[in-house]
Amino acid sequence: MGRLWGTLQDSTLFCIASVLTGSLVIAASVLALVLSFHSVGILRVVQLLWNACFGVVIALPYIEAFASHAERLVGFVHTWLGRGTFLLYVGCFVLPHENAASASRILSIVAACACFLSGAVELFAGCCGYQESRVLSGETAAPLIKEGDNWQVSQASKKAPP
């Protein structure tokens, strides 16, 4: 894992931002559901329920009591690529519906912006840190192989020391 992304993952500010982003997605979904329940179709209700579930997936890995369960159930959020692309997806999905109430619309836009910003930071920090660590360690681009419970870079891809 890259130094920059690893440092980002370990920071308290990052954990607070992730829980806040997940909470915003949950709040936007519940508020939209409550304020417009009578005027939306079944597909919109299902979408809002999924949005609330996505908010839980965003916040859960950073709540100490649920961290081990989250790692087992939604492991993709523990990698920079999985988490970054998931946040961008959720940001697109949580954007307000054209018939949304104004309070719901504002909260949905704020939640979407938080997801977009978090996803962009995840991808930037992960990509830059990951590439930097691979260059510094002398590795070339190579596939990962599974060794036991961990994924490792293939030993054949490492350059011989000079």
Side-chain angles (χ1 to χ4, degrees), residues 1-33 43-97 107-158:
M1 201 176 302
R3 288 184 298 164
L4 183 59
W5 191 75
T7 304
L8 182 69
Q9 283 292 99
D10 294 335
S11 75
T12 304
L13 180 64
F14 178 77
C15 293
I16 291 170
S18 294
V19 171
L20 183 63
T21 299
S23 301
L24 281 171
V25 171
I26 294 168
S29 302
V30 170
L31 185 64
L33 190 61
L43 291 178
R44 181 69 178 154
V45 170
V46 170
Q47 180 188 11
L48 292 171
L49 291 174
W50 272 112
N51 286 351
C53 291
F54 292 157
V56 171
V57 168
I58 292 169
L60 203 63
Y62 299 98
I63 300 173
E64 191 66 35
F66 302 107
S68 63
H69 297 297
E71 186 174 344
R72 187 170 29 98
L73 297 173
V74 286
F76 66 91
V77 297
H78 292 284
T79 65
W80 63 268
L81 183 60
R83 186 164 179 79
T85 53
F86 180 70
L87 283 165
L88 293 178
Y89 171 76
V90 173
C92 292
F93 210 65
V94 80
L95 285 170
H97 193 264
L107 190 57
S108 293
I109 291 171
V110 169
C113 289
C115 286
F116 291 143
L117 181 64
S118 296
V121 168
E122 287 277 353
L123 291 174
F124 177 76
C127 184
C128 292
Y130 181 67
Q131 294 301 332
E132 176 186 336
S133 71
R134 291 187 80 178
V135 169
L136 291 176
S137 67
E139 296 175 14
T140 60
L144 297 176
I145 57 171
K146 187 157 173 100
E147 293 179 5
D149 290 337
N150 299 321
W151 287 91
Q152 302 291 332
V153 174
S154 171
Q155 294 297 323
S157 69
K158 293 188 178 180

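This structure is a prediction, so every number in the text was calculated from the model and none was measured.
The OG1 atom of T79 sits 9.0 Å away from atom CD of E122, with the distance rounded to the nearest 0.5 Å. Note: L60 CG to S18 OG = 12.0 Å, rounded to the nearest 0.5 Å.
Side-chain contact between I58 and R83: present, with at least one pair of heavy atoms (C-beta onward) separated by less than 4.5 Å.
S118 places no side-chain N or O within donor-acceptor distance of the main-chain N or O of C115, the cut-off being under 3.5 Å.
Closest heavy-atom contact between Y62 and C15: CD2-SG, 3.6 Å. Nearest heavy-atom pair across A114 and L24 is CB-CD1, 4.1 Å. Here the closest non-hydrogen pair linking L48 and S29 is O-CB, 3.4 Å.
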Using distance only, find each side-chain donor-acceptor pair of residues 85-95 under 3.5 Å and give its atom names and separation, not counting sequence neighbours.
| from | atom 1 | to | atom 2 | distance (Å) |
| --- | --- | --- | --- | --- |
| T85 | OG1 | L81 | O | 2.8 |
| T85 | OG1 | G82 | O | 3.3 |

